[in-house]
There are 2 protein chains.
Amino acid sequence: MTDLEQYLQTYFDFTQTDLAKVAAFFKPEVIRKGEFYLKIGKPCQKLSFLQSGMLRVFVDLEDREVTQWISTKGYFITDLAGLVFSKPSRWNIQALTDTAVYTIDKTDYDSLSKYIPRWPETEKLFIAHCFSTLEDRVFSFLSKTAEERYNMLFESNRELFNQVPLQYIASMLGMTPETFSRIRRKQLN
Amino acid sequence: MTDLEQYLQTYFDFTQTDLAKVAAFFKPEVIRKGEFYLKIGKPCQKLSFLQSGMLRVFVDLEDREVTQWISTKGYFITDLAGLVFSKPSRWNIQALTDTAVYTIDKTDYDSLSKYIPRWPETEKLFIAHCFSTLEDRVFSFLSKTAEERYNMLFESNRELFNQVPLQYIASMLGMTPETFSRIRRKQLN
DNA sequence: GAAGCCACTTGATCTATATCAAGAAATCAA
DNA sequence: TTGATTTCTTGATATAGATCAAGTGGCTTC
């Protein structure tokens with residue numbers, strides 16, 4: 001069983017048969033460090049499962065970049081609004097390291113329910129789960145300090161802190177690299 | 001055509017027949033000012049369409065309340081994670097004024113696809129839309145000042161500012177009532 | 001292994017926003 | 001109406017976090 005199948009299984013509770021059917025639509029692909037998976041304004045006609053490496057979701061403002069998310073091993077990556085509504089992407093997605101993904105294109109993605117009767121239900125659960133995660137994230141900005149947000153992320157995703165330029169994590173947590181660095185030192189003591 | 005049907009139509013692009021079918025599942029209900037639509041820890045076994053009035057989504061912390069959202073005329077209200085995953089609700093939802101809603105209970109909600117073949121697709125689009133809105137909200141915390149967030153909300157939902165205790169709007173924007181008040185004065189000049 | 005480039009750290013200072021404390025205004029209750 | 005709450009404003013002050021400006025220490029590249 002591939003990583004992809006394993007992941008789909010834990011996540012979606014498919015039968016072995018459905019698992020294989022779904023997985024067959026995903027094609028392996030490598031994005032080299034620095035290459036873009038997606039650029040702002042382009043249509044997003046694919047969904048990928050991240051097998052190894054890291055992708056950063058970000059936006060360029062006049063005076064700085066804002067990192068919205070960093071996707072690591074075991075996550076899916078796409079611009080959901082782009083995929084679902086065929087809108088131009090609102091995010092850049094770029095490889096921080098050489099990154100191996102399995103990709104399904106929109107056409108195949110949209111056809112999944114023909115082959116997997118339970119797909120629409122599964123897909124709903126998945127998107128609802130993503131929604132719920134974002135609700136928590138919004139709540140963290142409403143109710144937590146920079147230090148508390150740092151600690152939450154550190155507890156839940158320690159590996160990130162060794163593998164990614166820290167300035168990107170800082171941005172994703174809504175603070176400057178300097179603040180991040182000071183909090184980090186404080187927590188190490 | 002009821003408000004509900006009208007709203008469902010603009011939102012979901014149903015046929016007239018499907019529209020009537022769906023709408024028939026929703027029962028009118030009134031929540032008096034101060035009453036709770038939902039309490040933290042309780043299961044959320046319903047979804048409602050807000051016909052008039054206002055509901056506030058919030059959490060009690062030790063030393064303060066945090067308002068996560070205020071739902072007004074024309075919005076849906078539920079705890080999505082509760083509805084979809086049958087988890088205990090993570091939010092309190094309380095009426096700020098006497099509020100008229102149309103409510104569908106979970107059992108009926110889950111059965112919709114039996115009557116409306118296009119329901120799963122529609123439901124997916126709806127949840128994906130909610131997700132996308134939250135993405136924008138997260139981004140606003142990563143990239144905007146309190147004043148910028150104030151202005152964004154003011155432009156997009158001016159009525160809210162006349163109808164709701166301002167402290168709740170302040171909380172929902174991630175600032176104190178004092179800061180909100182000062183920004184407000186500044187913008188009025 | 002020197003030169004250059006990043007990423008990170010650290011200190012000094014600044015600023016947006018929070019906190020604290022009163023008062024004014026609005027709303028509610030009887 | 002009148003008093004009692006609650007909400008909003010305003011000022012004074014405090015502070016978390018930003019900004020600015022040098023460093024330092026790795027990596028990379030030739």
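In this text the structure is predicted, and so the values were computed from the model without any measurement.
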Of all the nucleotides listed (dT7(D), dA7(C), dG11(C)), which has the minimum atom distance to the side chain of R185(A)?
-> dG11(C)
Hey, what are the protein-to-nucleotides 22-30 of chain D N/O distances that come in under 3.5 Å?
none

Side chains of S48(A) and Y37(A), donor plus acceptor under 3.5 Å = yes
T176(B) side chain, from C-beta outward: closest of dT10(D), dT19(C), dC8(C) = dT19(C)
Nearest nucleotide by nearest heavy atom, which residue falls closer to the 5' end of DNA chain D, E178(A) or T145(A)?
-> T145(A)
Between I183(A) (CD1) and dC8(C) (C1'), how many Å, whole number?
-> 15 Å
Round to a whole Å and report the spacing from CD of Q167(B) to P of dA25(C).
-> 19 Å
Between the base of dT19(D) and the side chain of R64(A), is there a donor-acceptor distance below 3.5 Å?
-> no
Between K33(B) and R149(B), just flag the one whose closest nucleotide in DNA chain C comes earlier from the 5' side.
-> R149(B)
Taken to the nearest whole Å, NZ/K144(A) to P/dA16(D) is 17 Å
Which of these nucleotides, dT19(C), dT17(C), dC8(C), is closest to any side-chain atom of R184(A)?
-> dC8(C)
Starting from P on dT15(D), measure out to CE on M175(A) and report it in whole angstrom.
-> 20 Å
Are the charged groups of K73(A) and E159(A) less than 4.0 angstrom apart, N to O?
-> no
Tell me which of F180(B) and F180(A) sits closer to the 5' end of DNA chain D, going by the nucleotide each one is nearest to.
-> F180(B)
T179(A) has its side chain closest, among dG17(D), dC8(D), dT10(C), to dG17(D)
Between dT7(D) (C1') and N162(B) (CG): distance, integer Å = 15 Å
Using a side-chain heavy atom cutoff under 4.5 Å and only I, L, V, M, F, W and Y, what cluster partners does F36(B) have?
-> F58(B)
Heavy atoms, side chains only, cut-off 4.5 Å: are W91(B) and V59(B) in contact?
-> yes
Quick one: does NZ or CZ of K106(A) land under 6.0 Å from the six-membered ring centre of Y109(A), within 45 degrees of the ring axis?
-> no
Distance, rounded to the nearest Å, where E147(A) contributes CD and dT15(D) contributes C1' = 13 Å
Round to a whole Å and report the spacing from NZ of K186(B) to C1' of dT10(D).
-> 16 Å
Do L80(A) and L142(B) share a hydrophobic cluster (ILVMFWY, side-chain heavy atoms under 4.5 Å, transitive)?
-> yes
Whole Å only: how far is the CD atom of E148(A) from the P atom of dA16(D)?
-> 12 Å
With the side chain defined as heavy atoms from C-beta on, R182(B) is closest, among dT19(C), dA18(C), dG11(C), to dT19(C)
Side-chain donor-acceptor contact under 3.5 Å, R149(B) with S140(B) | no
